[in-house]
Amino acid sequence: MTVRTRFAPSPTGYLHIGGARTALFCWLYTRRMGGTFILRIEDTDRERSTDASVQVIHDAMAWLGLGADEGPYYQTERFDRYNAVIDELLANGKAYRCNCSRERLDELRQQQQAAGLKPRYDGKCRNARVEDCNCVIRFSNPLDGQVVFDDLVHGRTVFDNAELDDLIIRRSDGSPTYNLSVVVDDMDMKVTHVIRGDDHLNNTPRQVNIYQALNAPVPAFAHLPMILGADGARLSKRHGSVSVLEYRDEGFLPEALLNYLVRLGWSCGDQEIFSLNEMINLFDLSDVNKAASKFNPEKLLWLNQHYIMGGDPARLAELLRSYLQKLGIDPGDEPSLSDVVRAQQERSKTMVEMAMASEFFYRDIHEYNEKAAKKHLKAAAAEPLRRVRTELADLDAWQTANIHEAVNRVAEQLGLKLGKVAQPVRVAVSGGPISPPIDTTLHLLGRQRTLARLDQAISFIAERAD
RNA sequence: GCUCCCUUCGUCUAGCGGUUAGGACACCGCCCUCUCAAGGCGGGAACACGGGUUCGAGUCCCGUAGGGAGCGCCA
């Protein structure tokens with residue numbers, strides 16, 4: 001039997017972290033098993049589904065590299081099929097029309113809640129033989145017995161049918177509901193493994209009953225633990241970014257996010273770093289945890305830095321270009337973006353951070369970081385800066401090694417520690433207290449701009465002294 | 001309220017009856033050092049609780065507590 005899985009998001013917002021993790025596990029399992037990964041858009045809720053959200057899902061999946069082998073299918077395009085199945089169920093006496101008013105249902109619910117019971121439909125219309133009408137259709141759930149299935153994550157799971165009720169499978173406007181359409185789709189698409197969040201665990205027995213009413217084979221289920229916010233509550237906006245694409249915009253690398261997500265609810269001994277191929281070869285549903293996990297932004301940041309440090313400079317250079325552009329900077333040809341990447345990649349947690357830390361290579365200094373200027377661009381720095389300027393101007397070749405020697409020479413001549421020379425130079429050329437090693441920084445900046453900025457700083461000090 | 005699910009350092013987790021309970025992130029200290037990083041070394045930090053079962057329990061069973069989810073003409 002070849003494995004067929006599906007990722008079935010509903011397009012009612014962004015693709016969030018939890019959805020992405022579900023998609024990843026599903027995709028990994030399928031790749032590992034040599035199966036088929038299907039993308040299905042569950043857009044039966046026409047009120048809340050939007051085209052923009054559909055696009056966001058496609059963009060996010062593409063960015064993460066989780067390509068589908070089949071689909072996308074759209075549930076809204078399959079209404080005829082759902083209705084045919086519902087009619088079949090109706091004809092077989094496995095479903096029935098119900099004309100109970102919403103008022104009655106609301107009242108019933110309230111009464112049950114007040115009595116300390118679980119709100120459930122009471123089956124009033126089950127044997128009422130309601131005439132064809134613009135009303136709702138309910139599934140005749142078995143009244144007794146148990147639903148048993150072996151969840152690949154949770155193991156043997158048992159529900160009493162007595163806990164379930166006759167759920168609506170067709171709304172009064174003629175559209176099918178979720179529990180019906182998933183089952184029909186998974187049946188038609190010959191899905192062998194339903195891998196989804198364990199918020200669906202409670203829906204599973206209802207769905208199993210529908211499969212059985214349809215004489216369809218019941219797929220295997222794997223219910224993944226949820227991802228919660230740092231405070232243990234359901235992931236939401238207030239936990240920072242939840243949208244996958246927001247992480248892209250904030251300068252995260254897709255491989256970092258993937259590596260972070262794969263370790264949420266899954267592990268392989270002590271290994272923390274996984275290439276995509278390692279994930280595919282090592283991933284197994286039997287190693288998935290049952291307990292929910294909390295999202296930890298620090299670890300994601302660490303992984304992102306890890307991947308930036310090891311990233312290919314040419315690839316990162318193109319990314320850096322786009323992040324610089326977002327900051328309103330058009331990096332020309334120099335300094336070379338990949339050289340800048342090489343200088344910055346071990347000191348950047350995100351690409352946005354790298355872009356911000358690299359602005360000064362491409363933009364004139366209009367003002368200095370106040371604290372840095374106060375500390376380093378003071379009268380005592382004037383002489384070192386002048387000497388450095390002279391030494392650098394006299395250099396034969398603008399090489400890192402030469403620059404390094406020149407700066408060291410000034411420190412020696414003045415009997416100063418290197419920091420007393422390098423740090424004023426750093427503030428002078430970068431505008432702030434942080435940059436790559438001073439020789440690398442100056443080399444990247446080029447002789448002309450370096451000398452100009454040293455002059456600028458020297459006059460800044462002179463003016464301040466007045 | 002009812003039903004279901006879950007429970008090892010702050011966080012992600014290893015552990016699948018006998019371990020000084022391991023790793024990673026974060027944190028702290030030291031080293032390196034022109035800044036910031038990176039890197040190296042070291043440190044503190046956990047089996048929710050109570051009963052069983054067993055020679056022996058983080059590991060198995062039952063309760064309790066805590067957390068999560070579901071209970072819609074949402075998905």
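Predicted model, so just to flag it, every value in this text is computed and none were measured. Here is how names work: the chains are called A, B, and so on, in the same order as the sequence lines, proteins then strands, and each is numbered from 1.
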- prompt: Is the ring centre of A:His200 less than 6.0 Å from the ring centre of A:Tyr178?
  reply: yes
task: Please determine if a side-chain N or O atom of A:Asn289 lies less than 4.0 Å away from the OP1 or OP2 oxygen of B:rA14.
output: yes
query: How about A:Arg426 and A:Gln423: does a side-chain donor come under 3.5 Å of a side-chain acceptor?
result: yes
field: Any donor-acceptor N/O pair under 3.5 Å between B:rG1 base and A:Gln112 side chain
entry: no
field: Phosphate-side-chain proximity, A:His154 and B:rC6, N/O vs OP1/OP2 below 4.0 Å
entry: yes
Among B:rA75, B:rA24, B:rC6, the one nearest A:Glu42 by side-chain distance: B:rA75
- request: Please determine if a side-chain N or O atom of A:Thr157 lies less than 4.0 Å away from the OP1 or OP2 oxygen of B:rC5.
  value: no
- prompt: Counting only side-chain N and O atoms of A:Arg109, is one of them less than 4.0 Å from OP1 or OP2 of B:rG72?
  reply: yes
- prompt: Which part of the nucleic acid does A:Gln113 contact within heavy-atom distance under 4.0 Å: base, sugar-phosphate only, or nothing?
  reply: nothing
- prompt: When you measure from the side chain of A:Arg6 to the backbone N and O of A:Val191, does any donor-acceptor pair fall under 3.5 Å?
  reply: no
statement: Rounded to whole Å, the CD-P distance (A:Glu405 to B:rC34) equals 16 Å
field: B:rU11 OP1/OP2 closer than 4.0 Å to side-chain N/O of A:Lys294
entry: yes
